[in-house]
Amino acid sequence: MSEQDATTADMGPDPLIDADQRPTALLQVRDVTKVYGTGHTAVTALQTATMSVEQGEFVALVGPSGSGKTTLISIIGGLLAPTTGSVHIGDIDVTALSRKELTRFRAERVGFVFQSANLVPFLTARENLLYVAGLIGSSKSGARARADQLLEELGLADRAKNLPEQLSGGERQRVAIGRALMNDPDLVLVDEPTAALDTALGRQVVQLLGREVKDRGKTGIMVTHDLRMVEYTDRVFQILDGHLTHVESSTGAGH
Amino acid sequence: MQLALTEMRRAKLRFGLLTGAVSLLVFLVLLLTTLSGALVGALTGALEGLRTDGLAYSQTARDNISASRLPADTVDAVAAVSGVSAAAGIATLTTGAAVAGESLDVQVFGVALDGPGAPSGLQNGRLPTTDGEAAVDGSVSLGDVITLDPSGVQLTVVGLLRGAQFNAIPTAYTTLGTYDAIVRASFDNLPFVPINAVAFTVADDASISDVVAAIERAVPGVSAYSLADAVALIPGIESISQSFGILVGLTFIIGIVVIGFFFLILTVQKLKAFTLLRAIGTSSGRLALSVSLQIAIVVLLASVIAVALTFLAVQSLNTGLPVNLNVATIITTVLAVLVFSLLSGLLSVRRIVRLDPATAVGAR
Ligand SMILES: Nc1ncnc2c1ncn2[C@@H]1O[C@H](COP(=O)(O)OP(=O)(O)OP(=O)(O)O)[C@@H](O)[C@H]1O
Ligand SMILES: [Mg+2]
């Protein structure tokens, strides 16, 4: 299966698939502050957050509700502009990209699993995956093979032709994970996939995420409340009230 | 563009209803355009269809052929003007008539059937060649005999015309001799029967405006017009055309605005999906194209239905008018609806371009 996968990747014209030539600290977040609103209603969601994640690293981001987790990964994924500070992916300064460049950046380099409303409602599970491949002009046959393989690995082979409304919440999140991996992005950002992971299959899905990140030299960040999942990640970052801190090695953290 | 088509396939009911609603709007515009064209045509058709370059009336007629009275020798005076290649008299009156026991009103035209002023629009049969024959635009058949009332003169229908009505009543084109007979049947000791107008054609090397001016200079008491001017100056025709223009125009504008709103509602309903599509890297241009494609498909499908409805309506509505489906008018109308619908689709496009993809994240 993974040979076929690699063939698909080789066919892509995109230089970012060429993993060997990247600098190792793929993601660098420097002094990022995010303030929502102005004046009396201003909310500081992130306070001078700094982190760096290596290529091939899969890290967890934990913290209570409202602490700024979604805000941080949205800024990293080029969806939200920080108030101050910078984000670099490889040698790209994400905070300096234009609106148009950001759209391309998201399509080519970021795989995002959102906290909710993840799938295009009028496309089937398989079509949701194929759609993002179409955005970067991947070959049709290669995209089909990769979509089928991902759906298979995510335990969704028999749900491929179902519309999102015909899927359970967990299945929907797994489809979204498949879509996030579809374009072989540099960055995989997963926001609270609790429902998807809430089963034995869930552990396999996290393992799949971890493996994709390692084997293909991506950078993965997973927001989670579920400390059992932390054991599949390399490191843990914690946010408390907008302050980001690095927690020591996560190995065995769940026990 | 696959996205737009897949969505339409998955939401057949929604897009079906939308297409139905749009087709009714286009139908309304097409039907109004067709009917108003038919009505104006029925008012002007008789004059418009005359085979002539220009017409001369008496000055006192104030642009109205029915009010014009000229002595028959005016024809020779007009023919003598330089630049005029041929001239012939036209005489007309409205009279009662009966065909196969049915009574009706007829506008009788006495014309020179082989000279300027002969009618056009022959659908069937031939133009009259001798007295007592007529070519008719009305609900009669070849061979019918029309008995005029009160003159008692009988006209045999030898030709059927289309688009040659006058003031929205049927017309019968006959010889000037027959016309004389009709008038003399009621007024038997007239010294001469006046004509209403002189039709004239212009020599190849002369211009119609020069000839019109020359006739007015040379023949006293006469006003001359090019055929187009004579038609445009038919009393009341301008305000009637304008009123219909406003009616059709307003219907068109309302239709376009409603179509624009329909798609805006669809867009607003789908904002969540659009936001997600933006967040995963779809450009707003691509989404705008996708919406425009859907508008184009809906409007074109709706237009096909609307043309069919118009066709059925024209067949089954009996307005007493000779209604013609004009292909050029239909194509122009459909294209205009398409172009303006796409413009009104900019309302939706603007909404899409303004979307903030960041709102796709989080639990909100
Ligand atoms: N668009 C916004 N406008 C104003 N305030 C916002 C906005 N988005 C988030 N916030 C605020 O910023 C803070 C951080 O929000 P964020 O969504 O990043 O939290 P989170 O850690 O993802 O929480 P959860 O675990 O509940 O998803 C919260 O106080 C939230 O109310
Ligand atoms: Mg969140």
Side-chain angles (χ1 to χ4, degrees), chain A residues 34 36 45 65-66 68-82 99-124 127-136 140 163-165 176 179-180 182-183 185 189 191-192 223, chain B residues 1-19 263 265-295 297-298 348-364:
Chain A
K34 178 67 188 181
Y36 286 111
S65 180
K69 304 182 295 293
T70 298
T71 303
L72 178 60
I73 62 168
S74 301
I75 291 171
I76 292 172
L79 274 173
L80 196 61
R99 206 178 122 101
K100 223 174 164 171
E101 290 166 335
L102 277 174
T103 301
R104 241 190 86 125
F105 168 77
R106 289 197 301 268
E108 291 179 356
R109 306 210 170 200
V110 184
F112 223 132
V113 179
F114 304 108
Q115 217 167 337
S116 65
N118 254 306
L119 302 177
V120 183
F122 48 83
L123 297 182
T124 63
E127 287 166 349
N128 263 281
L129 267 60
L130 294 176
Y131 176 73
V132 289
L135 283 180
I136 61 167
K140 283 219 161 100
L163 289 171
E165 63 185 18
R179 184 197 57 211
M182 186 68 195
N183 281 353
L189 305 171
D191 199 353
E192 291 272 16
V223 173
Chain B
M1 295 306 86
Q2 189 63 45
L3 190 69
L5 299 179
T6 308
E7 189 200 351
M8 295 181 84
R9 219 174 51 231
R10 296 268 151 77
K12 285 202 189 75
L13 179 66
R14 175 185 301 205
F15 280 95
L17 289 174
L18 187 59
T19 306
F263 279 96
I265 292 170
L266 269 198
T267 302
V268 169
Q269 279 183 338
K270 289 188 300 193
L271 280 187
K272 228 173 150 181
F274 282 135
T275 311
L276 173 70
L277 287 165
R278 289 281 291 118
I280 60 177
T282 313
S283 66
S284 38
R286 204 176 172 119
L287 291 181
L289 258 181
S290 163
V291 170
S292 305
L293 181 68
Q294 289 182 343
I295 294 179
I297 292 174
V298 167
S348 304
V349 168
R350 197 181 65 147
R351 198 74 190 75
I352 290 170
V353 170
R354 283 175 164 187
L355 277 181
D356 180 2
T359 52
V361 302
R364 285 172 290 273

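Since the structure is predicted, the reported quantities are computational estimates derived from the model, not experimental observations. In what follows, every chain begins at residue 1, and chains take the letters A, B, ... in the order their sequences are listed.
Residue Val132(A) touches chain B through its side chain alone, counting heavy-atom pairs closer than 4.5 Å.
Among all heavy-atom pairs drawn from Leu276(B) and Leu119(A), the shortest one is CD2-C, 3.2 Å. Closest non-hydrogen pair, Ala273(B) versus Pro121(A), comes out as CB-CD, 3.7 Å.
The distance from atom CZ of Phe122(A) to atom OG1 of Thr6(B), rounded to the nearest 0.5 Å, is 8.0 Å. Within the model, atoms CD1 of Ile280(B) and CG of Asn128(A) stand 7.0 Å from one another, a figure rounded to the nearest 0.5 Å. Interatomic distance, OG1 of Thr103(A) versus CG of Leu277(B), reported as 12.0 Å (0.5 Å rounding). Interatomic distance, Thr282(B) OG1 to Tyr131(A) OH, rounded to the nearest 0.5 Å: 3.0 Å.
For the pair Leu135(A) and Arg286(B), the minimum side-chain heavy-atom distance is below 4.5 Å. Side-chain contact between Thr124(A) and Arg10(B): present, with at least one pair of heavy atoms (C-beta onward) separated by less than 4.5 Å.
A donor-acceptor distance shorter than 3.5 angstrom exists from the side chain of Arg106(A) to the backbone of Arg278(B), with no hydrogens or angles considered.
Annotation: maximal heavy-atom pairing with chain B below 4.5 Å, among Leu102(A), Leu123(A), Leu80(A), occurs at Leu123(A).
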